[in-house]
Amino acid sequence: MKIIAANFKMNGNTQFIRNWFSNFNTDTENLVVVGLPAIYLENSVRNFNTSNLKIAAQNVSKFNIPGAYTGQISPAMLKDVGVEFCIIGHSEARDYFSEDNESIYEKYSCLKSVNIKSIVCIGESLEVREAKNQLNFISDQIEKFKTMEDEIIFAYEPIWAIGTGLVPTQDQIEEMSCHIKSHFSQKISVLYGGSVNSNNSSEILNMKNIDGVLVGGASLNAEEFANIAQS
Ligand code: PGA
C-alpha cells in the first residue's frame, strides 16, 4: 500500500470540492490523502473520509495551547473536527511564511501529541543541487527528527520540480530516499512530490524506496488524480 496524497493548495471552493469528490473514483488499494484549504476541512471530513481516503490539512499552528495567535488553527482544533493528517513544511510555507526547520519540528511534535500524522515536506532548491550540496541540505532539514522513534512520513519535493514539469531522474529520487531513510533505524516513509502526473506516476511509485507521491497541480483534476491513485 502506497500513500497517494493530493495538495490542493489555495484552490477550490465548496462546489469544486463537492464535484471533485463525486468524480473521484476511490477504487484503489492505496491510502489516499487529500490536503484541502482549512475552511473546507470540517465538512469534507464529515462527508468524504473513508477507511482509505483521509482529508488532510495543509498547515497548522506550532502552538497547541489556546491563546492569542490571531489567524492560527491549532493541532487540537484539527483533531476536534476529525482531521487525521496534516502537511507541514511545504516549501511554499517555508518561503512565504518564513517557516524553518525548528518551527516545523514543533508542529510535528504538537500534531503527534494529538495523534495527527504529519507529512513533512523537505527538498532543496536548484542552487543547492547545482552546488551538489543536496544531501547535506536534506540532512539539516531532518536533523531534529532523528530523536523520534515513530514512523515518520517525509515528502521529498525538490523545489525546482514543483509546478515546473521537471522531474528528477530515478537515480536522483532513489538516492535521496535512501539518504533520508539512512538517518533512522525505524520504518520511515518517503513520498516523492514535484510535477507528478498520471504519465509519470507508475514509474515513480514502482521505485523500490518510494512509498507514495504528493501531487499538487495534477490533483485538482479528480479523474487525473484517480489515475495516479490507481497506478
Ligand atoms: P506539483 O506540486 O505537483 O504541482 O508540482 C507539488 C507540491 O507542491 O506539493
Side-chain angles (χ1 to χ4, degrees), residues 2-12 16-17 20 24 30-38 40-41 44 53-60 83 85-101 104 107-108 111 117-129 134 137-138 141-142 152-170 172-173 176-177 180 189-207 210-231:
K2 304 253 175 173
I3 299 174
I4 313 292
N7 176 9
F8 277 29
K9 308 193 180 184
M10 198 174 75
N11 291 293
F16 177 91
I17 291 170
W20 192 96
F24 179 69
N30 294 319
L31 174 65
V32 174
V33 178
V34 184
L36 296 178
Y40 302 114
L41 291 172
S44 300
L53 190 155
K54 300 294 180 193
I55 302 298
Q58 297 175 8
N59 208 343
V60 69
V83 170
F85 282 83
C86 184
I87 296 168
I88 53 173
H90 194 281
S91 59
E92 288 149 17
R94 291 179 191 254
D95 192 12
Y96 298 130
F97 313 122
S98 310
E99 294 193 3
D100 57 16
N101 294 335
I104 291 158
K107 291 179 184 203
Y108 180 89
L111 286 163
K117 291 195 176 71
S118 297
I119 296 177
V120 186
C121 299
I122 52 179
E124 81 286 356
S125 65
L126 191 57
E127 265 170 305
V128 169
R129 183 157 285 264
Q134 68 274 12
F137 185 87
I138 297 295
Q141 286 193 321
I142 61 182
I152 304 170
I153 306 169
F154 288 107
Y156 170 56
E157 300 203 300
I159 297 169
W160 49 274
I162 296 177
T164 58
L166 297 173
V167 178
T169 63
Q170 173 155 353
Q172 288 173 326
I173 295 176
M176 190 56 86
S177 177
I180 294 164
S189 295
V190 177
L191 318 185
Y192 167 76
S195 296
V196 175
N197 57 45
S198 61
N199 294 323
N200 58 25
S201 54
S202 343
E203 192 190 333
I204 295 167
L205 287 166
N206 278 328
M207 291 180 195
I210 285 295
D211 306 287
V213 284
L214 176 55
V215 189
S219 72
L220 292 171
N221 180 321
E223 289 86 5
E224 168 79 356
F225 189 64
N227 288 336
I228 296 171
Q230 285 152 10
S231 56

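Counting starts at 1 for both ligands and their atoms, in listed order.
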Hey, looking at atom 1 (P) of ligand 1, which of Gly216, Pro158, Ala218, Ala6 has the closest heavy atom?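 Result: the heavy atom closest to atom 1 (P) of ligand 1 is in Gly216.
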Nearest heavy atom to atom 5 (O) of ligand 1: which of Gly35, Ala155, Gly163, Cys121 does it belong to? Gly163
With sequence neighbours excluded, tell me which residues meet side-chain hydrogen bond (donor to acceptor under 3.5 Å, both in side chains) with Asn206. none
Do any N or O atoms from the side chain of Thr164 and from the backbone of Leu166 form a donor-acceptor pair under 3.5 angstrom?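 Yes: the side chain of Thr164 pairs with the backbone of Leu166.
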Checking Arg94 side chain against Glu99 main chain: does a donor-acceptor pair fall under 3.5 Å? no
If you measure every N/O of Thr164 against every N/O of ligand 1, is any gap under 3.5 Å? no
Whether Gly193 lies under 4.0 Å from ligand 1, heavy atom: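 The answer is no: ligand 1 sits nowhere under 4.0 Å from a heavy atom of Gly193.
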Using a distance-only test with no angle check, is there a side-chain donor-acceptor pair under 3.5 angstrom linking Tyr156 and Gln172? no
Region of Asn7 engaging ligand 1 - heavy atom pairs below 4.0 Å: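 The side chain, only.
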How far is atom 4 (O) of ligand 1 from the closest protein heavy atom, and which atom is that?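 Here the nearest protein heavy atom works out to Gly217 N, 2.8 Å.
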Students should be able to answer this: which protein heavy-atom is nearest to atom 9 (O) of ligand 1, and at what distance?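 Of the protein heavy atoms, Glu157 OE2, 2.6 Å lies nearest.
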All salt bridge (Lys or Arg N to Asp or Glu O under 4.0 Å) counterparts of Lys9, not counting sequence neighbours: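 If we apply the salt bridge (Lys or Arg N to Asp or Glu O under 4.0 Å) test to Lys9, skipping adjacent residues, the hits are Glu92.
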